[in-house]
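For this chain, numbers begin at 1 and follow the sequence in order.
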Amino acid sequence: MKKLNILLICGSGASSGFLAANIRKEAARRGLDCSVMARSEAELESYLHEIDCLMVGPHLKYLIPELEEKVADTGIKVILMEKTYYSLLDGAQALDHLFAELKIN
């Protein structure tokens with residue numbers, strides 16, 4: 001598997017920052033080559049050329065259609081994070097969800 005570049009966004013980038021750190025730890029534990037960044041939704045445009053996947057905080061569900069339109073020609077997969085792991089900052093569950101969405105074993 002090639003290196004996977006993931007961006008998590010939330011309102012300010014704080015909650016997603018903690019989750020990103022936990023996803024990085026879990027990816028390292030599994031021996032996976034992943035870059036995981038967290039930013040605020042307002043910073044998204046600056047990172048579109050660097051990412052393969054965009055994970056969106058559950059409270060930003062209303063932005064999904066706009067975000068999918070924004071990345072339509074880029075091949076970037078947009079994934080709405082689930083409240084269950086987002087609220088717990090569970091990196092293992094987030095990584096499992098990401099891989100299921102990307103259809104990666």
Please round to the nearest 0.5 Å and tell me the distance separating atom CD1 of I23 and atom OG of S35.
-> 11.5 Å

Minimal non-hydrogen separation, S40 against I9, with atom names = O-CG2, 4.0 Å

If we only count heavy atoms from C-beta on, is the T74 to L48 side-chain gap below 4.5 Å?
-> no

Looking only at non-hydrogen atoms, find the nearest pair between G57 and Y86 and report the distance.
-> CA-CE1, 4.1 Å

What residues, two or more places apart in sequence or in another chain, satisfy side-chain hydrogen bond (donor to acceptor under 3.5 Å, both in side chains) together with E26?
-> R29, R30

What is the minimum heavy-atom distance between I6 and I51, and which atoms define it?
-> C-CG2, 4.4 Å

Would you indicate whether the side-chain heavy atoms of I64 and V78 approach each other to under 4.5 Å?
-> yes

At what distance, to the nearest 0.5 angstrom, does CE of M81 lie from OG of S16?
-> 6.0 Å

Verify side chain to side chain contact (heavy atoms under 4.5 Å, CB included) between L63 and E66, making sure each step is shown before the conclusion.
-> CA-CA 5 Å; L63 289 176; E66 177 186 332; 3.7 Å; yes

Same hydrophobic cluster for L88 and M55, using side-chain heavy-atom links shorter than 4.5 Å among ILVMFWY?
-> no

With rounding to the nearest 0.5 Å, note down the distance linking CG in L95 to OH in Y85.
-> 10.0 Å

I would like to know whether C34 and R24 meet side chain to side chain contact (heavy atoms under 4.5 Å, CB included); could you show each step before the answer?
-> CA-CA 7 Å; C34 295; R24 283 192 296 271; over 6 Å; no

Are the charged groups of K2 and D52 less than 4.0 angstrom apart, N to O?
-> yes

Heavy-atom closest pair, residues C10 and S15 | SG-N, 4.0 Å

Over all atoms of both residues, closest heavy-atom pair of L54 and I76 | N-CG2, 3.9 Å

Applying side chain to side chain contact (heavy atoms under 4.5 Å, CB included), run through E101 and K77 and close with a yes or a no.
-> CA-CA 9 Å; E101 288 288 324; K77 175 76 173 171; 3.8 Å; yes

Between A94 and L19 the two heavy atoms that sit nearest each other are CB-CD1, 4.2 Å

Hey, does L7 have a side-chain heavy atom less than 4.5 Å from the side chain of C53?
-> no

Derivation of the side chain to side chain contact (heavy atoms under 4.5 Å, CB included) call for L4 and F99 = CA-CA 10 Å; L4 189 59; F99 278 36; 4.0 Å; yes

Less than 4.5 Å apart, any side-chain heavy atom of L44 and any of K70?
-> yes

Mind checking the CE-CG spacing from M37 to N5? Nearest 0.5 Å is all I need.
-> 6.5 Å

